[in-house]
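Report on the structure given below.
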There are 2 protein chains.
Amino acid sequence: MRILVIEDEPGIARFLKDGLEEEYFAVDLAFDGKNGLDMALLNEYDLLIVDWMIPGISGIEVCRQVRKSGIDVPLIFLTAKDALDDIVFGLDAGASDYIRKPFAFEELLARIRVQLRRNNPAGDQLTAGRLSVNPVTHQVLCGTGEIMLTPKEFSLLEYLVRNKEKVCTRSRIIEHVWDIHFDSDTSVIDVYINFLRKKLDQAGCGNIIQTIRGVGYIIRES
Amino acid sequence: MRILVIEDEPGIARFLKDGLEEEYFAVDLAFDGKNGLDMALLNEYDLLIVDWMIPGISGIEVCRQVRKSGIDVPLIFLTAKDALDDIVFGLDAGASDYIRKPFAFEELLARIRVQLRRNNPAGDQLTAGRLSVNPVTHQVLCGTGEIMLTPKEFSLLEYLVRNKEKVCTRSRIIEHVWDIHFDSDTSVIDVYINFLRKKLDQAGCGNIIQTIRGVGYIIRES
DNA sequence: CCTGTTCCTTAAAGGATGCTCAGGCAAAGC
DNA sequence: GCTTTGCCTGAGCATCCTTTAAGGAACAGG
């Protein structure tokens with residue numbers, strides 16, 4: 001899962017990046033509105049976190065531009081305490097949620113999870129067939145048996161399960177899981193798909209990941 | 001276990017901090033409502049102790065704001081003798097318990113323990129497999145054999161056992177056990193995990209603490 | 001049937017992370 | 001003051017994770 005944080009205070013930016021990466025998110029930082037907007041339009045994020053008070057283009061303007069471009073990504077904005085007007089304007093401008101500074105990191109995480117499961121009514125627990133993936137505890141179950149995965153393996157599986165029934169192209173996978181934005185001729189994806197298939201097979205969840213030749217991969221329920 | 005004390009009288013604040021630290025809690029102090037609220041929202045505490053009469057934002061307001069932010073931390077408030085109204089309003093505002101000044105330190109401790117075991121129906125005794133940890137007497141048993149731990153070792157084990165079956169990230173451990181809030185590249189955690197594992201091994205409780213590479217540690221029942 | 005492309009599989013190098021040990025420092029107890 | 005005890009740091013080492021590279025298999029088009 002890939003998140004863009006637009007925040008000018010280096011301390012908070014760092015804090016967010018470190019904390020989120022510990023939760024296995026791929027995090028990009030932008031330090032002003034112009035850069036942030038460019039990045040949000042150019043790349044495909046799963047979530048935006050935008051500070052309302054940033055130099056250059058304001059947070060609210062970033063939000064409007066993003067929506068105007070038809071991008072329906074969840075957007076959480078950070079606002080100063082008691083800035084009631086901000087909140088109203090913000091939600092009006094198309095933000096999905098807001099959080100007041102200072103905030104508890106746990107609360108932010110909770111709100112992020114709410115947004116990310118917008119298209120996934122089952123709650124935090126992601127499932128696909130017998131497979132069950134928990135992004136909070138980073139546990140993966142096949143039926144009742146636990147499957148041990150490394151961080152990268154987990155990120156990849158999580159992304160595929162979150163987008164189950166949809167084709168995940170190679171370039172999207174490399175962007176969302178590896179946070180690589182330029183074209184590269186690496187074969188990491190193949191290798192990790194192979195790792196995953198092996199471990200899933202061994203646990204009795206074989207043949208869940210299907211190859212779409214020339215495009216990418218897909219996980220289907222059945 | 002990490003506690004925030006919001007108390008403006010330096011004498012009482014000092015008294016609380018020293019006494020609680022003697023009991024192996026990690027204690028932060030705030031001397032007015034505004035600071036206290038910020039700290040409570042920004043960090044993740046296991047318990048709040050709030051004086052009702054503090055400069056700036058009142059204790060009751062702190063309580064309300066904390067609850068409004070969706071933080072479900074136990075909150076004990078300190079009130080003057082016979083302030084019956086305070087008590088009613090306080091519990092209404094979301095406080096978990098109260099204690100009248102002046103109070104016996106032992107009583108406060110007892111109430112703290114009640115709150116901390118809220119999510120732990122078995123009472124004070126924390127367990128994980130053959131392991132049993134008593135936060136009151138600071139005794140650790142493996143089966144029937146006692147394990148001698150230093151204060152830091154104990155705090156770490158207590159935190160892990162309290163959160164058994166959950167992944168404890170490095171940053172949460174360093175916050176709750178060491179009370180360090182900024183990122184640091186120390187390896188204290190590794191060292192103390194090592195100490196614990198050695199002692200637990202020797203007592204016959206080996207392999208209880210599992211490493212989650214890149215994230216932290218976890219204690220599991222089995 | 002041949003050929004080029006795409007994907008799978010494996011092995012091995014390099015890097016990152018965690019473990020272990022020795023030692024210094026500070027506080028507490030004698 | 002001296003010893004003991006507990007706390008923390010830093011470096012070397014071991015282990016695991018990640019990535020690259022290369023050969024072979026499967027596939028699609030001519």
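Only this structure's heavy atoms are used, side chains among them; waters, hydrogens and symmetry mates stay out. Just so it is clear, the model here is predicted, and its values are computed rather than measured. Naming: A, B, ... by sequence-line order, numbering from 1 per chain.
- Checking the phosphate oxygens (OP1, OP2) of C/dG18, a side-chain nitrogen or oxygen of B/Arg170 falls inside 4.0 Å.
- In this structure B/Phe31 satisfies the ring pair (Phe, Tyr, Trp, His ring centres under 6.0 Å) test with no other residue, sequence neighbours excluded.
- With sequence neighbours excluded, the residues that form a ring pair (Phe, Tyr, Trp, His ring centres under 6.0 Å) with A/Tyr159 are A/His176.
- Looking at residues two or more places apart in sequence or on another chain, you find a side-chain hydrogen bond (donor to acceptor under 3.5 Å, both in side chains) between A/Thr169 and A/Ser171.
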Distance-only criterion, 3.5 Å: show the donor-acceptor pairs between side-chain atoms of residues 201-215 of chain B and protein atoms not counting sequence neighbours.
from     : atom 1 : to       : atom 2 : distance (Å)
B/Gln210 : OE1    : B/Arg220 : NE     : 3.4
B/Gln210 : OE1    : B/Arg220 : NH2    : 3.4
B/Thr211 : OG1    : B/Arg197 : NH2    : 3.1

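- Of all nucleotides in DNA chain D having an atom under 4.0 Å from a heavy atom of chain A, the first and last in 5' to 3' order are D/dC17 to D/dC27.
- Heavy-atom distances to DNA chain C give each of B/Thr211 and A/Ile212 a nearest nucleotide, and the one nearer the 5′ end belongs to A/Ile212.
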Decide yes or no on salt bridge (Lys or Arg N to Asp or Glu O under 4.0 Å) for B/Asp51 and B/Lys101, but give the supporting numbers first.
-> CA-CA 10 Å; B/Asp51 195 317; B/Lys101 289 199 282 190; 2.7 Å; yes
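- In this structure, the CD1 atom of B/Ile189 is 16 Å from the C1' atom of C/dT20, given to the nearest Å.
- For B/Leu196 and C/dC19, the CG to P distance is 12 Å, given to the nearest whole Å.
- Rounded to 10°, the angle separating the first-five-pair axis and the last-five-pair axis of the helix from C/dG15-D/dC16 to C/dC30-D/dG1 equals 10°.
- One can place CD of A/Glu21 at 11 Å from P of C/dT17, the figure rounded to the nearest angstrom.
- Taking B/Asn194 as the reference, nothing meets the side-chain hydrogen bond (donor to acceptor under 3.5 Å, both in side chains) condition, with sequence neighbours excluded.
- Between B/Phe77 and B/Trp52, the two ring planes are parallel [angle under 30°; tilted spans 30° to 60°].
- For the helix from C/dC1-D/dG30 to C/dA13-D/dT18, the axis fitted to the five pairs at one end and the axis fitted to the five pairs at the other end meet at an angle of 10° (nearest 10 degrees).
- Sorted by first and then second residue, the ring pair (Phe, Tyr, Trp, His ring centres under 6.0 Å) pairs with a member in residues 196-221 of chain A form an empty list; sequence neighbours excluded.
- Regarding B/Asp18, its CG atom lies at a distance of 11 Å from the P atom of C/dA28, rounded to whole Å.
- Scored by the side-chain hydrogen bond (donor to acceptor under 3.5 Å, both in side chains) test, B/Arg172 finds A/Glu106 as partners (sequence neighbours excluded).
- In this structure, B/Arg113 pairs ionically with B/Glu23, as a charged nitrogen and a carboxylate oxygen lie closer than 4.0 Å.
- By the side-chain hydrogen bond (donor to acceptor under 3.5 Å, both in side chains) test, B/Asp190 pairs with B/Arg170, sequence neighbours left out.
- Between B/Asp97 and B/Arg111 there is a salt bridge, since at least one side-chain N of the basic residue sits less than 4.0 Å from a carboxylate O of the acidic one.
- Projected onto DNA chain D by closest heavy-atom contact, A/Thr186 and B/Trp178 fall at different nucleotides, the more 5' of which corresponds to B/Trp178.
- Distance CG (B/Asp201) to P (C/dT20): 10 Å, rounded to an integer number of Å.
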Anything under 3.5 Å between a protein N or O and an N or O of nucleotides 9-15 of chain C, put it in a table, one pair a line.
from   : atom 1 : to       : atom 2 : distance (Å)
C/dT9  : OP2    : A/Asn194 : OD1    : 3.0
C/dT10 : OP2    : A/Lys198 : NZ     : 3.4

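- Between B/Tyr217 and the phosphate of C/dC19, there is a side-chain N or O to OP1/OP2 separation shorter than 4.0 Å.
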Show your reasoning for whether side chain to side chain contact (heavy atoms under 4.5 Å, CB included) applies to A/Leu78 and A/Glu7.
-> CA-CA 9 Å; A/Leu78 309 177; A/Glu7 164 65 76; 3.7 Å; yes
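- Rounded to the nearest 0.5 angstrom, A/Ile54 CD1 and A/Glu9 CD are separated by 12.0 Å.
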